[in-house]
Structures are given as C-alpha cells and as structure tokens.
Amino acid sequence: MKFRKFLAAGAGAALAFSLAACSGGGAGSTSDSSASGDDGAMMEEGGTIGVAMPTQTSSRWIADGDAVKSGLEDQGFDVDLQYAADDIPTQSQQIDNMITNGVKALIIAAIDGTALSSQLQAAADAGIPVISYDRLIRDSENVDFYVTFDNYNVGVQQATSLLVGLGILEADGTTETGEEGPFNVELFAGSLDDNNAHFFWAGAIDTLQPYIDSGVLVVPSGQTDIEQAATLRWQQETAQKRMEDLLTGNYVGTDEKVNGVLSPYDGLSRGIITALQNNGYSGTVEDGFPVVTGQDAEVESVKLIVDGVQYATIFKDTRKLAEQAVVAATAYLNGEEPEANDTETYDNGVKVVPSYLLESDIVYADNVQELLIDSGYWTQEQVDKGVA
Ligand code: BGC
C-alpha cells in the first residue's frame with residue numbers, strides 16, 4: 001500500500017517499471033522490518049534512500065548527485081546524499097552510517113570498486129537493496145543492480161574522436177581518409193581501482209591498436225600498458241605531471257612533437273592541456289595544438305572545445321543515468337526486479353550483475369549546440385563562461 005502513491009506520482013513515460021503488481025511493502029527491501037531511521041511523514045510514506053557519491057571536485061558527480069536526489073524526492077523519498085572527497089574510509093563510513101540509520105535502499109558510486117564488501121554484507125543482512133551507480137562494485141555478491149553507460153563503447157568513442165581529430169578518419173568516425181601519418185600520440189587511462197577505467201581503456205586500445213601496428217600512430221614514450229598510463233583517483237594534477245614528464249623525457253630537445261593525446265576524462269584533459277601549454281604548445285587544434293580527447297562534457301571543457309583547444313569529449317547524460325537509478329530503487333521498494341537490458345557484460349568477480357546500460361555521444365565543437373545546449377544540459381551562458 002505504502003508505495004502506491006509514489007508509483008502513481010511517478011507513472012510518467014520515464015518510469016519503465018510496471019505498475020501492475022503494486023501490492024504492498026517491497027520484497028526486495030526490508031519493508032516493515034526494523035529499519036526505523038528518521039521520523040516524520042515522509043519516512044512513513046517512502047523512507048530514506050542513501051546516495052553515496054565519490055567527489056565534488058568534478059562537476060559531473062555534482063550533477064549526478066543533484067539529479068538522483070531530486071528524482072528520488074519526486075517519488076516521495078527522503079534522500080541522504082553524501083560526497084566522500086575521493087577518500088575511501090570516508091565513503092565506507094558514510095555507507096555504514098546510512099545502513100545504521102535504516103535507509104531503504106543504497107545507490108553507490110564507489111571510489112574504490114573493491115573496498116566496500118563489508119558494507120555491502122551489512123546492507124544485505126539488513127535486506128537493503130544496493131544499486132551500483134555508474135561504477136561497478138566488485139568482489140561482492142551483494143550488488144543487486146548496476147546502472148551505467150556502455151563503457152567499452154565510451155572508450156571506442158574516445159579513440160574515434162582522436163582518429164577524427166588527427167584526420168585518420170572522416171567526421172563520420174568510420175571512413176578512413178587514407179592519411180598515414182605518422183602521428184605521435186600519448187595515452188592516458190583512469191584510476192585502476194575504478195572498473196570503468198579498464199572498459200574505457202579496452203575500447204580505446206582495441207580501436208587504436210591497428211593504427212599503432214601499422215605505424216600510422218606512434219607512441220614515443222612506449223607507455224602503452226594501462227598500468228603505465230593510469231591516473232590514480234582520476235586527478236588532474238597527476239595527469240598534468242605525467243604529461244610534463246612525458247614531454248621532458250621524450251620530446252623536449254628533439255624534433256618530435258605531440259600530435260594527439262588519448263584522455264579518458266575532461267579533468268585529466270585540462271591537466272594535459274596545461275602541461276602542453278607550459279611546454280610551448282599554443283593556439284587551437286586548427287593551428288596545430290595537439291588533439292586531446294575527454295569524457296563527461298564538463299562545462300570547463302565544453303568551453304575549451306568551443307574555443308578549439310580541447311578537441312572532443314564524450315557526453316554521458318547524467319540526467320538519464322539518475323533516472324534509471326531512481327527507476328531501479330523504486331522497483332525494489334515495490335517488490336519488483338528492475339528491468340535490465342544487459343545481463344552479460346558486467347561480471348564483478350563474483351557474479352554478473354544485471355545492468356541497465358545507456359548510450360553516449362561524441363561531442364565536437366560543431367555539435368555542442370545540439371547535444372548540450374538544445375537538450376538543456378548546459379546553458380549558452382554557462383558554456384560561454386565555462387562555469388556551471
Ligand atoms: C566515470 C567517468 C568519470 C570518471 C572520473 C568514471 O567512473 O564513468 O564518467 O570521468 O569516473 O570521475
């Protein structure tokens with residue numbers, strides 16, 4: 001009975017679950033058990049859902065947190081939204097507290113995908129469904145559902161944008177131009193404790209490898225393993241430092257120039273661009289500035305793309321991801337299984353976690369308007385200023 005109201009309120013087109021079997025407390029939750037938690041009318045109605053996000057240093061996670069929170073509130077839930085400043089013990093503690101406070105469901109974007117096993121065991125013991133948000137939580141059977149993007153394809157798209165920027169592929173991203181280079185490129189990966197980093201890398205390397213093998217692309221540093229390319233905690237400064245070291249070690253004092261950099265996240269891209277600028281690279285891609293890729297369509301980088309300095313990014317609509325997390329949480333609390341559209345790809349080391357995957361788009365200067373401004377993701381003014 002008690003969730004009927006929220007389902008009725010949320011029965012818009014966006015909510016993919018069936019309303020038919022709405023008959024009471026959720027079998028997927030502790031329903032009426034000891035999860036007492038907060039007080040007040042809202043608790044009576046829907047209860048509190050815990051949302052654990054990694055960091056506020058990146059605008060994408062702020063957008064995610066805001067969108068999940070408001071989506072859950074629209075469904076009648078209270079929300080305990082916490083950010084952990086990219087600190088693993090802080091995130092563990094936050095989740096412990098959420099469980100102690102009797103949340104009805106957990107939505108978690110993990111910092112270290114392998115560090116939450118004991119929290120997830122406690123959640124399972126309390127009958128709290130766990131939704132892994134964007135990043136897969138590994139090494140635990142107590143992950144009920146995963147909402148994310150097609151992360152391998154994100155990597156393919158990153159590499160594709162690099163190849164388009166270098167003129168190896170036409171703008172359609174598939175047709176070869178016949179351009180043979182050779183082009184000097186350097187490769188960056190994300191944080192190895194984030195499962196996504198491995199998917200992005202795999203998609204990108206599978207796409208680039210034929211060109212490396214044929215000599216169209218050259219990696220002067222020779223750093224082509226993910227371990228060498230990795231960036232702990234996705235930190236901008238770490239990427240800037242590595243790019244500076246790569247320049248010093250392989251380019252400065254030679255005739256070689258960097259032509260392109262595979263970067264898997266806009267924050268890293270900005271660090272890489274700063275390192276390049278500090279080393280005498282200037283102007284826009286059209287003037288010969290290296291082609292730098294990205295991810296997340298962070299507004300600071302969207303401005304750089306419009307200005308012709310960063311070449312591309314990948315747009316993952318966090319509003320859609322948040323919506324799927326809300327759909328999944330609501331389904332559990334209604335005693336249903338959320339609808340998965342992938343039950344094969346995401347093995348967390350213990351089991352294949354049923355997933356809902358969304359699609360992403362490559363953003364270039366000429367489709368910023370259509371993808372990001374017309375869709376309301378950023379306003380023209382935000383893009384002009386490069387500030388959210
Ligand atoms: C996300 C990316 C993001 C990265 C750094 C990954 O898990 O999927 O969108 O760029 O974390 O925050």
Side-chain angles (χ1 to χ4, degrees), residues 52-65 67-68 83-88 91 107-116 131-138 143 146-158 161 188-204 226 229-240 261-272 292-302 305 310 312-322 324-325 345-346 348 353 355-363 372 377 388:
M53 290 282 157
T55 176
Q56 281 169 303
T57 58
S58 154
S59 58
R60 87 144 278 191
W61 296 114
I62 296 174
D64 284 281
V68 173
Y83 286 90
D86 261 340
D87 183 56
I88 298 163
Q91 186 165 60
I107 297 174
I108 301 172
I111 297 165
D112 179 333
T114 64
L116 294 172
I131 297 160
S132 195
Y133 187 91
D134 194 59
R135 298 173 171 176
L136 184 63
I137 302 175
R138 295 191 53 86
V143 186
Y146 183 32
V147 292
T148 191
F149 292 82
D150 180 343
N151 293 307
Y152 179 87
N153 193 48
V154 169
V156 171
Q157 291 176 324
Q158 288 168 341
S161 67
F188 282 71
S191 195
L192 295 180
D193 52 8
D194 178 348
N195 194 60
N196 286 349
H198 300 268
F199 276 77
F200 302 150
W201 179 262
I226 189 171
T231 315
L232 184 64
R233 296 284 113 72
W234 301 90
Q235 293 235 332
Q236 177 166 339
E237 307 71 41
T238 307
Q240 181 175 334
V261 183
L262 175 80
S263 166
Y265 155 54
D266 287 343
L268 306 189
S269 313
R270 295 193 295 276
I272 291 162
V292 181
T293 68
Q295 174 172 206
D296 290 341
E298 292 200 322
V299 73
E300 301 89 335
S301 284
V302 176
I305 290 171
Q310 183 173 323
T313 187
I314 308 301
F315 175 43
K316 305 196 305 190
D317 194 333
T318 51
R319 298 168 300 187
K320 292 187 181 156
L321 185 62
Q324 288 309 320
T345 308
Y346 287 101
N348 79 346
V353 183
S355 309
Y356 195 95
L357 309 189
L358 292 158
E359 291 303 322
S360 50
D361 291 297
I362 306 178
V363 178
L372 301 175
Y377 198 73

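Each ligand, and each atom within it, is numbered from 1 in the order the structure gives. Worth knowing before you read on, the calculation uses all heavy atoms, side chains too, and leaves out hydrogens, waters and symmetry mates.
With a 4.0 Å cut-off on non-hydrogen atoms, Phe199 does not touch ligand 1 at all. Using a 4.0 Å cut-off between heavy atoms, Phe149 makes no contact with ligand 1 at all.
Checked by atom type and distance alone, the side chain of Ser191 never pairs as donor or acceptor with a backbone atom of Leu232 at under 3.5 Å. Under a 3.5 Å cut-off, the side chain of Asn348 and the backbone N or O of Ile137 do form a donor-acceptor pair.
With respect to atom 12 (O) of ligand 1, the closest heavy atom belonging to the protein is Trp61 NE1, 2.9 Å. Atom 1 (C) of ligand 1 has its closest protein heavy atom at Asp134 OD2, 3.2 Å. Closest to atom 10 (O) of ligand 1 among all protein heavy atoms lies Asp296 OD2, 2.6 Å. At the shortest separation from atom 11 (O) of ligand 1 among protein heavy atoms lies Arg135 NH2, 2.8 Å.
The contact set between ligand 1 and Lys316, taken as ligand atoms under 4.0 Å from a residue heavy atom, comprises 1 (C), 2 (C), 8 (O), 9 (O). For ligand 1, the atoms sitting less than 4.0 Å from at least one non-hydrogen atom of Arg60 are 1 (C), 2 (C), 8 (O), 9 (O), numbered in the order shown with element in parentheses. In the vicinity of Tyr265, heavy-atom distances shorter than 4.0 Å reach the ligand 1 atoms 10 (O).
Closest heavy-atom contact between Leu262 and Ala204: CD2-CB, 3.8 Å.
For ligand 1, the polar-atom distance check against Asp194 finds a nitrogen or oxygen pair separated by under 3.5 Å.
In summary, the aromatic rings of Phe149 and Phe199 are positioned with their centroids too far apart to meet the 6.0 Å limit.
At least one side-chain heavy atom of Glu359 sits under 4.5 Å from a side-chain heavy atom of Asp150.
When only modelled atom types and interatomic distance are considered, Thr313 and Glu298 share no side-chain donor-acceptor pair under 3.5 Å.
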Worksheet item: So Asn151 and Lys316, side chain to side chain contact (heavy atoms under 4.5 Å, CB included) or not? Walk me through it.
Response: CA-CA 10 Å; Asn151 293 307; Lys316 305 196 305 190; 4.2 Å; yes
